Participant: 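Dumping the structure here so I can ask a few things about it.
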Number of protein chains: 2
Amino acid sequence: MASNALFAEVASLAGDPARAGMLHALMDGRALTASELAHVAGIAPQTASGHLARLAAAGLVRVEKQGRHRYHRLASPAVARMMESIMQVASDAAPMRRTVRTGPRDAALRAARTCYDHLAGRLGVALADGLVAGGHVELADDAGLVTGAGIGLFGRLGIDMAALATDRSRRTRLLCRPCLDWSERRPHLAGAVGAALCTRSFEEGWIRRIEGTRAVAITPKGQQVFRDAFGVRHDRQ
Amino acid sequence: MASNALFAEVASLAGDPARAGMLHALMDGRALTASELAHVAGIAPQTASGHLARLAAAGLVRVEKQGRHRYHRLASPAVARMMESIMQVASDAAPMRRTVRTGPRDAALRAARTCYDHLAGRLGVALADGLVAGGHVELADDAGLVTGAGIGLFGRLGIDMAALATDRSRRTRLLCRPCLDWSERRPHLAGAVGAALCTRSFEEGWIRRIEGTRAVAITPKGQQVFRDAFGVRHDRQ
DNA sequence: CCGATGCTTCGGCCGTCACCGTAACATTTC
DNA sequence: GAAATGTTACGGTGACGGCCGAAGCATCGG
């Protein structure tokens, strides 16, 4: 079977620690330069360059040259979903191993972070919980949908569900997807709705990025909105 | 980040051609012996044994000893979904490569096959199309749901939607999920409903396995049922 | 109890690949 | 134009890991 070789190549590319680190860093959906990626992976720039060339040739990342910089980003949401699913399997296996050493830097990540194009961590899970509790969203293991009440809520927050519909998915209620959180081990909101909610949160200043990581900080304004609109309590821990 | 090492380990395990072949063979959801897996991967039994030990230690496969045989199966649906998502990325990259040589043995696979626990290939896509066209199912990129009419249809086929509900997902309409087909590049039906439909199809003799592969053959009875219930025409090519 | 079968462990060979030093190329800035 | 910065190309080194042959354990059948 010819597809087997391609499969192995893709998985193998993701299987190198250095490349995995780079892909991980790209999971926030932003475009980074080769030097930045080399730094996060802890390798020399020329080594990173080679890795990135291979990742680009295989269609995992997309490069975009701009002046003397070359910005790299994940090639597609499909790649991000692949990363998620591998993380999922990895964290399933984790409990059986020795204690997962949670460094202090992980704390911010666990509190709130971006997961490619949507929000994850305790914030992401709390938002999903709040939406479910409020009857705005229904989530199952494999799928999710936005209710009529949810369409109204999102509309009031400036997210037009009808505008999110693509050619393929005209049923606006289906534009959401559960994404199992690797730190919380519970679902959070992904899909078009999750992405729109994340984008909106940045636009409105409800959250802001913490420099150099995928973690995000919740602003006072954000805490108020999340509490009022979604019923999310202040995250104390 | 500690999770990075686990991630790389899992991806790396899937990235070896021999192991990828074995995992691929396990994608039909059945349990196979170490010898069978060694055969499909084209390696010596002792080599396969080492691979399988590592896969089991990492939580990708589950072993089940039965007499002098040791049956291996995928550890969880999460592993199957990971495999699917990697295949997805791999097939996205494929068009850019040289022509995907489709051996004659692939023909049966393209016509109809199992994808872990549900049906894929032209049959799987045609079933999904028929269900959508008939208003029994709604499918978007990220999610799917069964309509009221769909619940009735599945009920008449002996699939009780209420019985499929788990603790987590009480909303029976959400028990379905689109799974992008690597050969057809269009979605087919996965999730609890897809799995139940596949199981039912074997029970009722609508399809039967083709020895030694994931491909399945559609029986005359099956062709009639698929045509009458789902509007699937006879698959000519 | 003995041979056959399925599976695993051990030891050694060999290819692959990640890595960096050095150097060249491209682009921006002064 | 020259220096600085970001990126790519090349060559050599070292290590990790896949592979098989041979031998050691389990289990089943006679």
Side-chain angles (χ1 to χ4, degrees), chain A residues 4-26 30-58 60-73 75 90 93 212, chain B residues 1 4-26 30-73 75 212:
Chain A
N4 201 351
L6 275 170
F7 175 96
E9 184 180 344
V10 170
S12 179
L13 283 172
D16 176 76
R19 285 191 295 261
M22 294 193 266
L23 290 172
H24 213 98
L26 291 172
R30 285 180 303 178
L32 301 177
T33 66
S35 304
E36 291 172 313
L37 289 169
H39 184 253
V40 300
I43 56 179
Q46 63 271 34
T47 304
S49 175
H51 284 312
L52 289 168
R54 293 182 58 184
L55 289 172
L60 290 187
V61 305
R62 207 155 33 92
V63 291
E64 194 175 326
K65 63 185 310 182
Q66 206 171 98
R68 62 178 166 184
H69 294 279
R70 293 183 62 135
Y71 288 96
H72 301 76
R73 66 172 70 241
Chain B
M1 199 174 316
N4 201 351
L6 276 170
F7 175 97
E9 183 180 344
V10 169
S12 178
L13 283 171
D16 176 75
R19 285 192 293 261
M22 293 194 264
L23 289 172
H24 213 98
L26 291 173
R30 287 180 302 179
L32 302 177
T33 66
S35 307
E36 291 171 315
L37 288 170
H39 184 254
V40 299
I43 55 179
Q46 63 270 33
T47 305
S49 175
H51 284 313
L52 289 168
R54 294 183 57 184
L55 289 172
L60 291 186
V61 305
R62 208 156 32 94
V63 292
E64 195 174 326
K65 63 183 311 181
Q66 206 171 97
R68 60 179 165 185
H69 293 278
R70 294 184 62 140
Y71 288 96
H72 300 76
R73 65 173 70 239

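Labels below follow one simple rule: chain letters A, B, ... track the order of the sequence lines, proteins then strands, and each chain is numbered from 1. Everything quoted here is computed from the prediction, not taken from an experiment.
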Participant: Listed by chain and number, what are the side-chain contact (heavy atoms from CB on, under 4.5 Å) partners of Arg73(A), not counting sequence neighbours?
Facilitator: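 Arg73(A): side-chain contact (heavy atoms from CB on, under 4.5 Å) contacts with Ala31(A), Arg62(A), Glu64(A).
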Participant: Measure the CG-OH distance between Leu32(B) and Tyr71(B) for me, rounded to the nearest 0.5 Å.
Facilitator: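 Taking CG in Leu32(B) and OH in Tyr71(B), the distance rounds to 9.0 Å.
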Participant: Mind listing the N/O atom pairs, protein and nucleotides 11-16 of chain D, below 3.5 Å?
Facilitator:
none

Participant: Could you state the atom-to-atom distance from CD of Glu9(B) to C1' of dG17(D) in whole Å?
Facilitator: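 After rounding, the reported distance stands at 13 Å.
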Participant: Just N and O in the side chain of Arg54(A): are any of them under 4.0 Å from OP1 or OP2 of dC17(C)?
Facilitator: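 Answer is no, no contact under 4.0 Å.
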Participant: Heavy atoms only: give me the nearest Ala20(B)-Asn4(A) pair and the separation to one decimal.
Facilitator: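 Here Ala20(B) and Asn4(A) meet closest at CB-OD1, 3.5 Å.
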Participant: Round to a whole Å and report the spacing from CG of Leu37(A) to P of dT7(D).
Facilitator: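 About 9 Å, once rounded to whole Å.
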Participant: Quick one: do Arg19(B) and Leu60(B) satisfy side chain to side chain contact (heavy atoms under 4.5 Å, CB included)? Show the steps, please.
Facilitator: CA-CA 11 Å; Arg19(B) 285 192 293 261; Leu60(B) 291 186; over 6 Å; no
Participant: By nearest atom, which of the nucleotides dG6(C), dG6(D), dG18(D) is closest to the His69(B) side chain?
Facilitator: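 That would be dG6(C).
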Participant: What pair of heavy atoms forms the shortest contact from Ala75(B) to Gly59(B), and how long is it?
Facilitator: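 Where Ala75(B) meets Gly59(B) most closely, the heavy atoms are CB-O, 3.2 Å.
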Participant: Looking only at the side chain of Ala34(A) (C-beta and beyond, no hydrogens), which of the listed nucleotides dA18(C), dG17(D), dT7(D) gets closest?
Facilitator: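 Selected nucleotide: dT7(D).
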Participant: If every non-hydrogen atom of Gly21(B) is compared with every non-hydrogen atom of Val40(B), which pair is closest and at what distance?
Facilitator: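 Taking every non-hydrogen atom into account, O-CG2, 4.5 Å.
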Participant: Determine, for nucleotides 19-30 of chain D in 5'-to-3' order, which nucleotides have protein heavy atoms under 4.0 Å from the base (write B), from only the sugar-phosphate (write S), or from neither (write -).
Facilitator: SBBB----BS--
Participant: Heavy atoms only: give me the nearest Ala25(A)-Leu37(A) pair and the separation to one decimal.
Facilitator: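 In terms of heavy atoms, the two residues are closest at CB-CD2, 4.1 Å.
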Participant: Between Ser49(A) and dG6(D), does any side-chain N or O lie under 4.0 Å from OP1 or OP2?
Facilitator: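 Indeed not, no polar side-chain atom of Ser49(A) lies that close.
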Participant: Please tell me if Arg19(B) has a side-chain N or O lying less than 4.0 Å from either OP1 or OP2 of dG18(D).
Facilitator: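 For dG18(D), OP1 or OP2 has a side-chain N or O of Arg19(B) closer than 4.0 Å.
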Participant: Just do the side chain to side chain contact (heavy atoms under 4.5 Å, CB included) check on Ile43(B) and His51(B) with the steps written out, would you?
Facilitator: CA-CA 10 Å; Ile43(B) 55 179; His51(B) 284 313; 3.8 Å; yes
Participant: How close or far is atom P of dT5(C) from atom CD of Glu36(B), stated in whole angstroms?
Facilitator: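 Atom CD in Glu36(B) sits about 16 Å away from atom P in dT5(C).
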Participant: Just the rounded figure in Å: distance from C1' of dG6(D) to OH of Tyr71(A).
Facilitator: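 So the two atoms are 11 Å apart, to the nearest Å.
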Participant: In Å and rounded to the nearest 0.5 Å, what is the CG to NE2 distance from Leu26(A) to His72(A)?
Facilitator: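 Spacing of CG (Leu26(A)) from NE2 (His72(A)) equals 8.5 Å.
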Participant: In whole angstrom, give the distance that lies between atom CG of Leu55(A) and atom P of dT7(D).
Facilitator: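 After rounding, the reported distance stands at 15 Å.
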